[in-house]
Asker: 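Next up is a structure, given as structure tokens.
In this chain, residues are counted from 1 in sequence order.
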Amino acid sequence: GKMLLSHEKLVELVRANKLLENIPESELTKAGGVSFDLRAGEIYEFAGEGFLGVNERKTPELKLIAKHDEAKSVKVILEPNKYYVVKTLEKINCPMHLASTVVSRSTLFRSGVLLLGGLTDPGYNGELSFGIINIHSKPFTIELGARIANVIFFKIEGKTNAYESPYNGGNIGDNKA
């Protein structure tokens, strides 16, 4: 079956193979666990419509509304019932024997904010992007650079093929057939 990688093994992969780039040293030296925290780097809102068909797809155009800045605090108010896309500060370099998935940090769901993530395939390189929606009736403020998700890695048994997608490299939209 699937095998979850320990924190110790993940740290080895970061140091030797750049499994994650732009990861704070505090994540590498924390005590145990089976995940790394990922931080909010950029937040986008939709500026268009999308389409998913049998043979083609088009994601909505996105407009950058905020970007992390080391020099100053940048905050975004997530309005109730509005959907955003958030991109991580960290970049992932998923080797061919691993896949990963993300889960929301509990502060988000305890505050009525849903983080929607997917699977990261073997061979994917780039930042990760998630959907985020405030399902509470009140606004929620997020500071860029805050830890929003946990990434968990699984070992794959058997042969895998390299990830091929317009999203590789951290691209947010595809808009290709």
Asker: I'd like to know if Lys75 pairs up with Glu143 as an ion pair, taking the criterion as any Lys NZ or Arg NE/NH1/NH2 lying under 4.0 Å from an Asp or Glu carboxylate oxygen.
Answerer: no
Asker: Check the pair Asn150 / Asp37 against side-chain hydrogen bond (donor to acceptor under 3.5 Å, both in side chains), numbers first and verdict last.
Answerer: CA-CA 5 Å; Asn150 306 114; Asp37 290 339; 2.7 Å; yes
Asker: So, Lys18 and Glu21, do they make that salt bridge, N to O below 4.0 Å?
Answerer: no
Asker: Over all heavy atoms of both residues, which pair between Ile152 and Ser35 is shortest? Give the atoms and the distance, please.
Answerer: CG1-CB, 4.1 Å
Asker: Is the number of heavy atoms from other residues, nucleotides or ligands under 6.0 Å of Lys30 NZ greater than 12?
Answerer: yes
Asker: Name the one of Leu4, Leu19, Leu13 that satisfies side chain to side chain contact (heavy atoms under 4.5 Å, CB included) with Phe153?
Answerer: Leu19
Asker: Search all heavy atoms of Pro60 against all heavy atoms of Gly48 and return the closest pair with its distance.
Answerer: CB-O, 3.3 Å
Asker: Is it true that atom CD of Glu49 has more than 12 heavy atoms of other residues, nucleotides or ligands lying nearer than 6.0 Å?
Answerer: no
Asker: Any salt bridge linking Lys91 with Glu127? Criterion: basic side-chain nitrogen under 4.0 Å from a carboxylate oxygen.
Answerer: no
Asker: Are Glu70 and His68 close enough that some pair of their side-chain heavy atoms sits under 4.5 Å apart?
Answerer: yes
Asker: Measure from the side-chain N and O atoms of Asp69 to the backbone N and O of Ser73, and report whether any donor-acceptor pair falls under 3.5 Å.
Answerer: no
Asker: Quick check: do Tyr44 and Val86 have side-chain heavy atoms less than 4.5 Å from each other?
Answerer: no
Asker: Run Asn134 and Asn81 through side chain to side chain contact (heavy atoms under 4.5 Å, CB included) and show every step you take.
Answerer: CA-CA 5 Å; Asn134 178 5; Asn81 300 312; over 6 Å; no
Asker: Checking side chain to side chain contact (heavy atoms under 4.5 Å, CB included) against Leu98, which of Thr160, Leu5, Asp121 comes through?
Answerer: Leu5
Asker: Is any side-chain N of the basic residue among Arg15 and Glu12 closer than 4.0 Å to the acidic one's carboxylate O?
Answerer: no
Asker: Once rounded to the nearest 0.5 Å, what's the spacing between atom CG of Leu114 and atom OH of Tyr83?
Answerer: 9.5 Å
Asker: Does His7 reach the main-chain N or O of Glu27 with its side chain, forming a donor-acceptor pair under 3.5 Å?
Answerer: yes
Asker: Please report the shortest heavy-atom distance between Leu28 and Val11, naming the atom on each side.
Answerer: O-CG2, 3.5 Å
Asker: Within the structure provided, determine whether Phe51 and Glu56 are in side-chain contact (heavy-atom separation under 4.5 Å).
Answerer: yes
Asker: Please name the pair of heavy atoms, one in Arg39 and one in Ile148, separated by the smallest distance, quoted to 0.1 Å.
Answerer: C-CG1, 4.3 Å
Asker: Considering only heavy atoms from C-beta outward, does the side chain of Ile142 approach that of Leu78 to under 4.5 Å?
Answerer: yes
Asker: Testing the basics here: between Ser111 and His136, what is the closest heavy-atom pair and its distance to 0.1 Å?
Answerer: O-CB, 3.9 Å
Asker: Does any non-hydrogen side-chain atom of Tyr124 lie less than 4.5 Å from one of Asn93?
Answerer: no
Asker: For Glu90 and Thr88, work out which heavy atoms get closest and say how close.
Answerer: O-OG1, 2.6 Å
Asker: Kindly indicate whether the side chain of Ile65, heavy atoms from C-beta on, has any atom under 4.5 Å from the side chain of Val76.
Answerer: yes
Asker: May I ask you to check whether over 12 heavy atoms, not counting those of Leu116, lie within 6.0 Å of atom CG?
Answerer: yes
